[in-house]
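Naming: A, B, ... by sequence-line order, numbering from 1 per chain.
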Protein chains: 4
Amino acid sequence: MTKDKLIRAAINNFSKYGYQGATMSNIAKDAGIKPASIYYFFENKEELIREAVQAILNHHFASMKETFYEKERENVNVLFSELFGKIVLHHTENEDETKAYVIMVNSPISNIKKQISDYLHTYNNWLVEQLTSSIRRHHPDLEEATISEMIDYFIFIGNGLFWGVVIHDKAGIQRNLTQASHLMAQYVTQILGSGQNEKQQGH
Amino acid sequence: MTKDKLIRAAINNFSKYGYQGATMSNIAKDAGIKPASIYYFFENKEELIREAVQAILNHHFASMKETFYEKERENVNVLFSELFGKIVLHHTENEDETKAYVIMVNSPISNIKKQISDYLHTYNNWLVEQLTSSIRRHHPDLEEATISEMIDYFIFIGNGLFWGVVIHDKAGIQRNLTQASHLMAQYVTQILGSGQNEKQQGH
Amino acid sequence: MTKDKLIRAAINNFSKYGYQGATMSNIAKDAGIKPASIYYFFENKEELIREAVQAILNHHFASMKETFYEKERENVNVLFSELFGKIVLHHTENEDETKAYVIMVNSPISNIKKQISDYLHTYNNWLVEQLTSSIRRHHPDLEEATISEMIDYFIFIGNGLFWGVVIHDKAGIQRNLTQASHLMAQYVTQILGSGQNEKQQGH
Amino acid sequence: MTKDKLIRAAINNFSKYGYQGATMSNIAKDAGIKPASIYYFFENKEELIREAVQAILNHHFASMKETFYEKERENVNVLFSELFGKIVLHHTENEDETKAYVIMVNSPISNIKKQISDYLHTYNNWLVEQLTSSIRRHHPDLEEATISEMIDYFIFIGNGLFWGVVIHDKAGIQRNLTQASHLMAQYVTQILGSGQNEKQQGH
DNA sequence: AATGAATGAGTCTTCATTCAT
DNA sequence: AATGAATGAAGACTCATTCAT
């Protein structure tokens, strides 16, 4: 469909050249139509980019949900590893969307900024909720704060992984993936092993 | 000096709007001159941005060197913590340079791309060299490969920290800093504690 | 048609001001449109001028062909006179094209230079071929070299005529036309009269 | 001297790019100074070009005078030949001046136009005067009108020669030179031989 | 659903010129 | 005698957008 082609072309151009650099005429060319025709589908450039950005965010959400539905019953170490793996997979397989995300994270265009921060809020809430219930399923005695901190470490390590995808090649990314899982496992071991954090360590 | 003002203005505009979005007329206005005057100092836009990018990279290098000269004699945990702190400090204090860096990391302008990858190469070599000698000073028995791996973990965690600076607010960044130091310390303890990696574990 | 108007306007501006002096905004104004609209029809200034130059050359060729088709059966003196007349007519009736030609003959723009020299080559070959067959029709016994030399004289005198059109007024040009025909006729008489050049003057 | 260098540079640039195409900064560069310095020697661009144009015209006049002073006593055929030779020599040896002349002959800049037409007027008067007296010296009985016509033919053939220099290479120019002398000699022979033009060849 | 033709606003850049030094 | 620094005006060209078809 032409509209989809336009959104793909918009993402691709935006990811390479940013908002100002993504021109309607290049987007049209990539979609195989003439610039004037874009206006049949979108009111203007901002609207087109807005939809393109939304598509990127939706896609990301869908990717992460997928993993949860498949792996939420695994033990925490496996779950964290799988999620790290998915982060890497999603961002390497959708390089243009990832680049676009990197560009727009600090976008001065207020609409995009709001779109992103709304998404990050929603995504974060969802992630915390999912992780909390998954962790609790396997470790019902962990304190709320401990779980919360664990999730925070997971997110922090995930950030390292994300930026690694942006700047490294395939080999470097794989190494990072191992490092991420290792650091997380080490952290989890320390938390669970210490015992002090368990709610009722009944005797 | 006018030329310096232009470079500052270029960094600022580039960090907000990207290459295409940073206009000569805005840069000129920010530097307090007229657009035509830019061409007395720089051959064209690309050259101006090139010098601006170089200034960012030089500044980053200078910041990291500074820390090394002050802290290279501290024990590894302190050194890593200080370096993490410096990464955070440099990037929070120079927000526009950091945003610019994020934008240009995937720049489609080949000159900029080359500039960045050349820098990353140089910086990485320097960092590895410095860290290697610092670590070796305190742990002369560590094997080459172990040191190398430790540095890799340091860089990986540093990436998480960097991306955190980009997307988080002050509070979030401070939390990340703690997490970074904690994860690194935990990793180091594990490595050093294991003993198996020491070259001559003789008695 | 807008495109044709643009080419006319381009020729006119180019003939007055040369390549650098012919501005897109003046050309647009003369064609009754806005400067930006030129780019719908032509890729850029060079392309527009290139097409304008080509139009001039095509027009010149068409003019000369016309005369040949009408007069090729006349005797040589009449033919030469008619051709001289046509040279004068074409260049006086298309003053701007003639001025443009004078300017571009030494153009430093390599594309234009090539266009001209390609044309001169083609035109010259055609002219020689046509004249040769016309002359031979009336004087089958003339040697190849003699015909060739006669054509050379014709071209040389034509050059004087051409430059006369450029620098003289109407009266001066008419005087030149008489002179051209007179000199050529005199030359032809001498060649034909001498007899020595006839191939087989035996019986 | 810098001023002379500037005039040379101006001629050279003007000959290649025309009035609008000859830029002050290029001229300055060719003269080995900075653009601002031009204004120490010339009030503005028009003044500089005006002086450059004048230099070209003066040089041409000097060249033609030279030949006259050396050859005015030769018989008419030799004189005409020598003058043709000088025309060719002057214009081949001063290619940039010749190109400049071709460009400016139809200049829309009114000052230049006037300069040229004033010069052509002066030069023509001088030429006619010189030729008349030279011809009369050898052929005192020729009628005024006959001399005048002969000079006209000389000028006409000279025009062909001039344009030949502009468009031909060395070999072609030499051929033209032969043709010019031949045509002129033939014409002269016819005039002088006819006898009818001699004033009173009374006995 | 798509486009040809057109344009106002703006982009980068050049140019002739100025003026204090 | 020469220039560094600066600029208003203009140049070629791009861009998002419009509108009749």
Heavy-atom nearest pair, C/Q115 first then C/L57, reads O-CD1, 4.0 Å
Roughly how many Å is it from [atom1] in [X] to [atom2] in [N], rounded to a whole number?
{"X": "A/N26", "N": "F/dC15", "atom1": "CG", "atom2": "P", "answer": "7 Å"}
{"X": "B/E47", "N": "E/dT13", "atom1": "CD", "atom2": "C1'", "answer": "15 Å"}
{"X": "C/K45", "N": "F/dG11", "atom1": "NZ", "atom2": "P", "answer": "9 Å"}
{"X": "C/E43", "N": "F/dC13", "atom1": "CD", "atom2": "P", "answer": "10 Å"}
{"X": "A/K29", "N": "F/dC15", "atom1": "NZ", "atom2": "C1'", "answer": "13 Å"}
{"X": "D/E46", "N": "E/dT17", "atom1": "CD", "atom2": "P", "answer": "9 Å"}
{"X": "A/Y17", "N": "F/dC15", "atom1": "OH", "atom2": "P", "answer": "11 Å"}
{"X": "D/I27", "N": "E/dC15", "atom1": "CD1", "atom2": "C1'", "answer": "12 Å"}

D/R50 with D/E46: basic N within carboxylate O range, under 4.0 Å | no
Ion pair check, D/K5 and D/D30, cut-off under 4.0 Å | no
Nucleotide-level pairing of DNA chain E, given in dot-bracket where Watson-Crick and G-U pairs need both distances under 3.5 Å and | marks other strands | .||||||||||||||||||||
Between A/W163 and B/W163, how do the two ring planes meet: parallel, tilted or perpendicular, split at 30° and 60°?
-> parallel
Reported [atom1]-to-[atom2] distance for the pair [X] and [Y], which is rounded to 0.5 angstrom:
{"X": "D/I27", "Y": "D/F42", "atom1": "CD1", "atom2": "CZ", "value": "9.5 Å"}
{"X": "A/Q20", "Y": "A/F14", "atom1": "CD", "atom2": "CZ", "value": "9.5 Å"}
{"X": "B/T2", "Y": "B/D4", "atom1": "OG1", "atom2": "CG", "value": "9.0 Å"}

Given F/dA12, F/dA16, E/dT13, which nucleotide is nearest the side-chain atoms of C/M24?
-> F/dA12
Indicate for each nucleotide in nucleotides 1-7 of chain F, in 5' to 3' sequence, whether protein heavy atoms under 4.0 Å reach the base (B), only the sugar-phosphate (S), or nothing (-).
-> BSBBBSB
Sugar-phosphate only, base, or nothing, as touched by B/A22 at under 4.0 Å among non-hydrogen atoms | sugar-phosphate
Think D/K45 forms a cation-pi with D/Y19, using NZ or CZ under 6.0 Å from the six-ring centre and within 45 degrees of its axis?
-> yes
Between C/S25 and A/G21, just flag the one whose closest nucleotide in DNA chain F comes earlier from the 5' side.
-> C/S25
Are the aromatic rings of C/Y123 and C/H60 close, with centres under 6.0 Å apart?
-> yes
